[in-house]
Amino acid sequence: MSQRRLLVTSALPYVNADIHLGYMVEAIQTDIWVRFQRLRGALCVYVCADDTHGTATMIRARREGRTEEELIAEVHVAHEADLRDFDISLDNFGSTHSAECRSLCGEIWSRIREVGLVKSDRVRQLYDAEEGIFLADRFVRGTCPKCGAQDQPGDNCSKCGCTYSPAELVDPRSTLSGTVPEPRDADHLFIELEQFHEFLENWTQGSGALQDETANYLRGHFLGPPDQPEPLRDWDVSRPAPYFGFEIPDAPGNYWYVWFDAPIGYMASTQQWCDKHGENFDDWWRSDDCEIHHFIGKDITYFHTLFWPGMLSAAGFTLPAKVHVHGFLTIDGEKMSKSKGTYVKARAYLNHLNPAYLRYYYASKLSNRIDDFDLSLNEFVTKVNTDLVGKFVNLASRSAKFVAEIGLSAVYPEDGGLFAAAAATGDEIAEAYESCDTGRAMRLIMALADRANPFVEENKPWELRKDSERLSELQDVCTIALNLFRQLAIYLAPVLPRVAEQTGELLNSPITHWDQAKVPLTGTPVAKFRHMLKRVEEKDVRTMIEESREDTGDQGRGEGDDCRGETGDADPWNDSGDALAAEPLAPECNFDEFLKVDLRVARVVAAEHVSGARKLLKLRLSLGGGQYRQVFAGIKAAYEPDELVGRLVVCVANLTPRQMKFGLSEGMVVASGPGGSEVFVLSPDEGAVPGQRVH
RNA sequence: GGUCCGGUAGCUCAGUUGGUUAGAGCAGGGGACUCAUAAUCCCUUGGUCGGGGGUUCGAGUCCCUCCCGGACUACCA
């Protein structure tokens, strides 16, 4: 049988953010799969790269007063170190800002042109004259054209939920300069994706490259049912200057959109690896003998399952054999949050904890489905300590030292079928790994560990060693225990590469192939036992969380640093500038303008869930004296109705009433925060009474 | 609102094509052991498998319906 050839990728981390535990889900899932394939004898090349292009990079570099290249170089070192220290076995970690990438972009682009997929169209976008750039949706905020809610994002309103283009905003404002942007036209280049409709229908639904859930999602949201397909929208792939990226050769002054070159970064990284190893690029990207596997998060599904196969197909490259989509990580049941300390950077984890723990925990939680999964910190501690230390490593720990001087028996002794049974389970475990159902693989492996420990218990090596007549019996018992341990180490090698290595050293026989689990090891010397894994200390987990809470970070959004140097020396709190940066100050208003807004203290006298509403609570506010207001407030994710009843809040009492889907809303409850579960309703200090105006 | 995925012991989940008294790990209770990283082993408590209908000799497993949770998406089917 010829050797299986695999090219595997993880999605590209963006240069503007540090690597965090959410991204590590993907890196670890991919790495486990890659290591498994290599252990099975496949020729498996694993590449990734930094995603570097786009407006955000440009702006951040500008803010930090340096070139994009300097920024990229610095982040590249940090990202690579994070991944390496988590034992991610990348063959090459490249960059989309590389010569190889530029050249491949050009090659693919010219083919897409040749096939007649590109068209040009005028696009009206908001332009920030002060910064001199066109503004992506997220860099514009303003008043919702439908409901009048102020300071809404550029693409949709968080109050009424309607969607619009940034140009439709009333009173739009650039989040970069705070100035009023002006609409400007520019020519953009589009790829007519609809030309691929039939191809994509077949590929997504029939090729087996996608999980069923993904195939359904694409049909439901983009392709439409086969009998009445929906046209795919043209894909805008160019951006006018200035834009940090590659200039399009046949359209000077225009640059490829970051999502055009990002997946090409996979190829560019492969090219770099090929050049270093004397390999031929086409053997990996233009060969029926090579399977291409992409691992991605669910947020970027359609880039990888519609645009990307379209591009590949047009340019004559191999289509992905599989696109493995995984869900998101929550920590203790919640989305990662900086204020709660659950936005944990990879480096913060590494400063306190062993990567093996997280690799095992993720492995035990991941399946081949797209479900989100939770990193419960308590479960993390008990699972790692019970499974890895108590069951698995303990097997070696309690038997190796008895045979340190005599080594393993020359012939594998009778063990009641334990080794054979575990060997026979190997295929099932391999299937689970192959299909990315590592949770199942871990369960199967731990079930084997559960059978191995009673064996040691029953045969009591600690008693045998007291009797010099029974030395060979002792050796046999330990030979069995250590072989059962070694089987587990082989099965766990994709997840715990360091332990596999240590096992090889302990038993003087390196673990190099999955099938080693089928044949018992005999007659080798046994080295002095050394601890393979420490138990997780709960305090280390706590420290990591504490540290992440404090470390509000100066990275992330790219537009975060303009408040630097403004802090006075006498401010011991040293609050972060993130919140202010996320939402810059509104333009000045005079006192009369301020007086237009009538803020009043009000008491919540009733609060209830609204059937069918995702974000809203229905509140009844009392202004005193029998004056009531019905208000729908978007605070459902942050507050339970019961905890609000009786509270004093501040409401906008003279806001034009608005007819909402669930009834009339006669005001607003004042709150701060970015939204979602992070909403903080304001309360007056004690002594305030309903009806009082806020001046 | 639409689409999809779930709802099995306190917690995390297994339950293959419907087939005997529904399982594991953790946690809880009791005991044993002391080789081992306060590890291990044995025994044990605990579930009208979300509710209700139906198909069947037989349903956690199939069908219908409702309730709840989540993800995606949105007023456009």
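Reminder, nothing fancy here: chain letters follow the sequence lines and each chain counts from 1.
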- Message: Is it the case that the side chains of A/Thr9 and A/His294 hold a donor-acceptor pair, with the cut-off being a distance below 3.5 Å and no angle test?
- Response: yes

- Could you tell me whether A/Lys460 contacts a base, only the sugar-phosphate backbone, or nothing, with contacts defined as non-hydrogen atoms closer than 4.0 Å? nothing

- Note on the structure: Taking for A/Ile370 and for A/Thr386 the nucleotide of RNA chain B with the nearest heavy atom, the one nearer the 5' end belongs to A/Thr386

- Which nucleotide in the list B/G6, B/A77, B/C35 gets nearest to the side chain of A/Glu230? B/A77

- Message: Heavy atoms only, 4.0 Å cut-off, all strands: where does A/Arg465 land among base, sugar-phosphate and nothing?
- Response: sugar-phosphate

- Query: How many Å lie between CH2 on A/Trp462 and P on B/U40, as a whole number?
  - Reply: 13 Å

- Do the ring centers of A/Trp462 and A/Phe402 come within less than 6.0 Å of each other? no

- Item | B/C72 and B/G51, which share atom name P, separated by this distance in whole Å | 28 Å

- Atom-to-atom span, CG of A/Leu223 to C1' of B/C72 - whole angstrom: 16 Å

- Select one nucleotide: of B/G25, B/A77, B/A14, the one nearest the side-chain heavy atoms of A/Arg443. B/A14

- Atom-to-atom span, CG of A/Asp437 to C1' of B/G15 - whole angstrom: 14 Å

- Query: What is the nucleic acid contact for A/Met532, judged by heavy atoms within less than 4.0 Å: base, sugar-phosphate only, or nothing?
  - Reply: base

- Integer angstrom distance from the P of B/C33 to that of B/U8: 40 Å

- Aromatic ring of A/His531 stacked on base six-ring of B/U37, 5.5 Å, 30°: yes

- Query: Is there a side-chain polar atom (N or O) of A/Arg440 under 4.0 Å from OP1 or OP2 of B/A14?
  - Reply: no

- All stems with RNA chain B, defined as three or more consecutive Watson-Crick or G-U pairs under 3.5 Å: B:1-7 with B:67-73, B:10-13 with B:23-26, B:28-32 with B:40-44, B:50-54 with B:62-66

- Task: Verify the distance criterion only: is there a donor paired with an acceptor across the side chains of A/Arg219 and A/Gln205 at less than 3.5 Å?
- Result: yes

- Between A/Gly390 and A/Val393, the residue closer to the 5' end of RNA chain B by nearest nucleotide is A/Val393

- Query: B/U37 C1' sits how many Å from A/Tyr357 OH, rounded?
  - Reply: 10 Å

- Query: Closest to the A/Glu457 side chain: B/U73, B/C5, B/C35?
  - Reply: B/C35

- For B/C43 and B/G7, measure between their C1' atoms and round to the nearest Å. 32 Å

- Item | Whole-Å gap separating P (B/A38) and CG (A/Asn385) | 10 Å

- Item | Trace of the ring pair (Phe, Tyr, Trp, His ring centres under 6.0 Å) decision for A/Trp33 with A/Phe295 | CA-CA 10 Å; A/Trp33 199 79; A/Phe295 285 78; 5.7 Å; yes

- For A/Asp450, answer base if it contacts any base atom (sugar-phosphate contacts may also be present), sugar-phosphate if it contacts only those atoms, and nothing otherwise; contact means non-hydrogen atoms under 4.0 Å. sugar-phosphate

- Item | Which nucleotide in B/U34, B/G2, B/A71 has an atom nearest any side-chain atom of A/His221 | B/G2

- Aromatic ring centroids of A/Trp308 and A/Phe303 under 6.0 Å? no

- Send over the distance from A/Glu458 CD to B/C33 C1', rounded to a whole Å. 13 Å

- Check whether any side-chain heavy atom of A/His326 lies under 4.5 Å from a side-chain heavy atom of A/Thr30, and answer yes or no. no

- Query: For the side chain of A/His197 and the backbone of A/Leu193, is there at least one donor-acceptor N/O pair under 3.5 Å apart?
  - Reply: no

- Task: Have a look at A/Leu395 and say if it touches a base, only the backbone sugar-phosphate, or nothing, with a 4.0 Å heavy-atom cut-off.
- Result: nothing

- Query: B/A22 and B/U45: how far apart are their P atoms, nearest whole angstrom?
  - Reply: 14 Å

- Message: Between B/C57 and B/A71, how far apart are the two P atoms, rounded to whole Å?
- Response: 43 Å

- Item | A/Phe402 side-chain proximity, nearest of B/C35, B/U37, B/A39 | B/C35

- Listed nucleotide nearest any side-chain atom of A/Ser397, set B/C26, B/A36, B/U40: B/A36

- Task: Among the candidates B/C33, B/C5, B/A39, find the nucleotide nearest to the side-chain atoms of A/Asp371.
- Result: B/C5

- For the side chain of A/Pro454, starting at C-beta, report the closest nucleotide among B/U37, B/C41, B/A36. B/C41

- Message: Aromatic contact between A/Tyr433 and A/Tyr491, with the criterion being ring centroids under 6.0 Å apart: yes or no?
- Response: no

- Message: Could you tell me how far B/C62 sits from B/C26 if I compare only their C1' atoms? Round to whole Å.
- Response: 33 Å

- Note on the structure: Ranking B/U40, B/C5, B/A71 by distance to the side chain of A/Asn453, first place goes to B/U40

- Item | Length of the line joining A/Lys298:NZ and B/U3:P, which is rounded to integer Å | 19 Å

- Item | Inter-nucleotide P distance (B/G23, B/A9), Å rounded | 14 Å

- Can a side chain N or O of A/Arg369 be found less than 4.0 Å away from OP1 or OP2 on B/G6? yes

- Report yes if the distance between the aromatic ring centroids of A/Phe222 and A/Tyr217 is under 6.0 Å, otherwise no. yes

- Taking atom C1' in both B/G6 and B/C13, what distance in whole Å separates the two? 13 Å

- Is there a donor-acceptor pair under 3.5 Å between the side chain of A/Ser364 and the backbone N or O of A/Tyr361? yes

- Query: Nearest to the side chain of A/Lys401, which nucleotide is it out of B/C35, B/C5, B/G25?
  - Reply: B/C35

- Task: Describe the nucleic acid contact of A/Asn394 in one word from base, sugar-phosphate, nothing, applying a heavy-atom distance below 4.0 Å.
- Result: base

